[in-house]
Amino acid sequence: MPLLSSSRRTLAALAAVLSLGLLSGCAEDAQPAIDTASTSSADPKPTREAPEPSEDTPSPSKSDDTDEESESGEGDEGRAGSAATGTTSAMLDELTVKGRAPKTGYDGDLFRWRSDTDHNGCDTRNDVLRRDLTDITLKAGAQGCIVLAGTLDDPYAGETYDFDRSANAVDIDHVVARSNAWQTGAFNFDEETLKEFGNDPLNLLAVSSSLNRQKGDGDAATWLPPNKSYRCEYVARQIAVKHKYDLWVVPAEKDAMERVLGKCDDQPAFTEDADWPGPGDGDNVTTKEETRPAGQKSSNSGSSGSDSSGSGSSSSGSSSGSSGSASYFETCTAAREAGAAPVRRGDPGYGSHLDRDGDGIGCE
């Protein structure tokens, strides 16, 4: 009996060991299933429902961003100062950038300012005035050309001025100054191109005399109109002129232009029709006889209309060479103060003593 009891205990122990082994095996088989289930939701690799995009497949998020930028105008081409097609910025990007050329050989007279380039019978100065002034008074008997009075809404100042030919506060500005043009490529122009540039309606504006003289031959880096609301159009016009004549910009000038255009909400390239009005045309035109401008003196001897000496001097103060004018400006200072300079042979106030080179244009 003791032996049998010992055998039973041995069998019971073996059974217990077998049971534990079976339970352990079951637990090990179940563990991988639990781990797989717990980590599948955090797997960063794409599944079949969300395959990994290839290089040929556009990114959905990038496409959505592009659409939003296009609709809102805030994409690369929608931001102010960018080179969007048809903008002044795009036109500026087409200009060459390099240093300023020497001023050697420059003479403002080479541009033949005030020539009748469109052959309408009127000089360029009066064409500008008839285009830019309002409530215009023309000189009777002058073929509808000569402006005696009017009103200027000066874009540079943002103020209004009365124009009176006898006491003038209005000048004609070359938006791209002739000197600036010369130093950025115009020194290579032939005579006709210089003349075209000097009288191009795109490049001429009637403005206040004080601001025109303050500007001098400055570019956008050295002078901008005090009227900030006009700066976008001013720079756009300068760029259009330089683009038309294949002139370049210097680095500081381009930087200044870009700063202005950065605030202009994609300023369109300047395409305004800048043709001159015909003789007699203008805003609310009337005509009257001209009275003698201030600063002029009467002639005692009249005029022969000749200028044979070419010296342009007249110590006696006669009006020789004034083409029938009965009065003349005593000095170029008086002519400039009256807003009549340069004064041409045949203009009121012309005298040969004002025309030093005898070319028919005094006080240039």
Side-chain angles (χ1 to χ4, degrees), residues 95-96 100-132 145-147 156 168 170-207 209 211-220 222-223 234-235 237-250 253 270 272 274-277 310 312 332 335-336 339-347 350 354-364:
L95 300 182
T96 300
R100 196 180 307 277
K103 200 173 178 179
T104 306
Y106 170 73
D107 186 340
D109 294 345
L110 294 170
F111 293 85
R112 299 173 66 184
W113 154 237
R114 290 190 68 173
S115 297
D116 180 15
T117 53
D118 64 349
H119 308 293
N120 67 356
C122 306
D123 71 17
T124 305
R125 176 180 170 79
N126 282 291
D127 282 338
V128 179
L129 294 173
R130 283 183 292 104
R131 183 196 66 184
D132 292 353
C145 288
I146 298 176
V147 179
Y156 287 2
N168 185 23
V170 173
D171 277 356
I172 309 302
D173 179 44
H174 285 82
V175 179
V176 174
R178 287 168 288 179
S179 174
N180 176 274
W182 184 266
Q183 296 174 84
T184 56
F187 63 87
N188 282 319
F189 290 177
D190 59 25
E191 290 184 6
E192 283 305 309
T193 307
L194 287 169
K195 180 180 176 181
E196 179 188 353
F197 180 91
N199 296 275
D200 191 332
L202 178 66
N203 193 34
L204 296 169
L205 287 175
V207 299
S209 299
L211 289 180
N212 182 47
R213 294 162 194 177
Q214 179 190 94
K215 170 187 172 181
D217 62 357
D219 60 20
T222 59
W223 190 89
Y234 175 76
V235 167
R237 196 162 191 151
Q238 284 190 324
I239 292 169
V241 171
K242 293 213 162 190
H243 191 272
K244 177 178 180 179
Y245 289 93
D246 198 24
L247 301 174
W248 69 76
V249 289
V250 300
E253 180 183 14
F270 194 90
E272 179 180 311
D275 290 338
W276 298 132
C332 283
R336 292 187 181 98
V343 57
R344 292 175 171 269
R345 185 182 297 118
D347 282 354
Y350 175 86
L354 306 174
D355 184 4
R356 295 183 178 181
D357 57 5
D359 66 349
I361 308 173
C363 305
E364 297 170 280

Check: Can Tyr106 and Gln183 be said to form a side chain to side chain contact (heavy atoms under 4.5 Å, CB included), step by step?
Finding: CA-CA 9 Å; Tyr106 170 73; Gln183 296 174 84; over 6 Å; no
Next item on the list: For side chain to side chain contact (heavy atoms under 4.5 Å, CB included), just list the numbers for Arg178 and Asp107, CA-CA rounded to whole Å, side-chain angles, deciding distance to a tenth of an Å, and then say yes or no.
Entry: CA-CA 9 Å; Arg178 287 168 288 179; Asp107 186 340; over 6 Å; no
Checklist line | Parallel, tilted or perpendicular: rings of Phe189 and Tyr245 (30°, 60°) | finding: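 Tilted: the ring planes of Tyr245 and Phe189 meet at 30° to 60°.
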Checklist line | Ion pair Arg112/Glu196, N-O distance below 4.0 Å | finding: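 So Arg112 does not pair with Glu196 through a salt bridge.
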Next item on the list: Step by step, work out the side chain to side chain contact (heavy atoms under 4.5 Å, CB included) result for Val241 and Lys244.
Entry: CA-CA 5 Å; Val241 171; Lys244 177 178 180 179; 5.7 Å; no
Quick one: are [X] and [Y] in side-chain contact, heavy atoms under 4.5 Å?
X      : Y      : value
Lys195 : Asp200 : no
Arg237 : Asn203 : no
Asp217 : Trp223 : no

Is there a donor-acceptor pair under 3.5 Å between the side chain of [X] and the backbone N or O of [Y]?
X      : Y      : value
Gln238 : Tyr234 : no
Trp248 : Lys242 : no
Arg130 : Pro277 : yes
Asn180 : Thr184 : no
Lys215 : Val175 : yes
Arg131 : Pro201 : yes
His243 : Leu95  : no
Asp171 : Asn212 : no
Asp132 : Ala206 : yes

Next item on the list: Report the residues that fulfil salt bridge (Lys or Arg N to Asp or Glu O under 4.0 Å) with Arg114, sequence neighbours left out, ordered by chain and then residue number.
Entry: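 Expected list: Asp123, Asp347.
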Next item on the list: Please find out if less than 6.0 Å separates the ring center of Phe197 from that of Phe111.
Entry: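 Aromatic pair counts; centres sit under 6.0 Å.
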If every non-hydrogen atom of [X] is compared with every non-hydrogen atom of [Y], which pair is closest and at what distance?
X      : Y      : result
Ala240 : Phe270 : CB-CB, 3.8 Å
Gly216 : Ala177 : O-CB, 4.1 Å
Asp116 : Cys122 : OD1-O, 3.2 Å

Item checked: Verdict with supporting geometry, Arg100 and Asp219, salt bridge (Lys or Arg N to Asp or Glu O under 4.0 Å) -> CA-CA 11 Å; Arg100 196 180 307 277; Asp219 60 20; 3.1 Å; yes
Next item on the list: Quickly, which of Leu204, Val170, Asp173 forms a side chain to side chain contact (heavy atoms under 4.5 Å, CB included) with Val128? Name it, please.
Entry: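 Considering Leu204, Val170, Asp173, a side chain to side chain contact (heavy atoms under 4.5 Å, CB included) with Val128 is found only for Leu204.
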Next item on the list: Test Trp182 against Leu194 for side chain to side chain contact (heavy atoms under 4.5 Å, CB included), laying out the working first.
Entry: CA-CA 9 Å; Trp182 184 266; Leu194 287 169; 4.3 Å; yes
Next item on the list: Output all residues satisfying side chain to side chain donor-acceptor pair (under 3.5 Å) with Asn199, sequence neighbours left out; order by chain, then residue number.
Entry: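 For Asn199, the residues satisfying side chain to side chain donor-acceptor pair (under 3.5 Å) (neighbours in sequence not counted) are Thr124.
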Next item on the list: Only pairs at least two apart or in different chains count here, so list each salt bridge (charged side-chain N to carboxylate O under 4.0 Å, His left out) that has a residue in residues 180-190.
Entry: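 For residues 180-190, and leaving out neighbouring residues, there are no salt bridge (charged side-chain N to carboxylate O under 4.0 Å, His left out) pairs at all.
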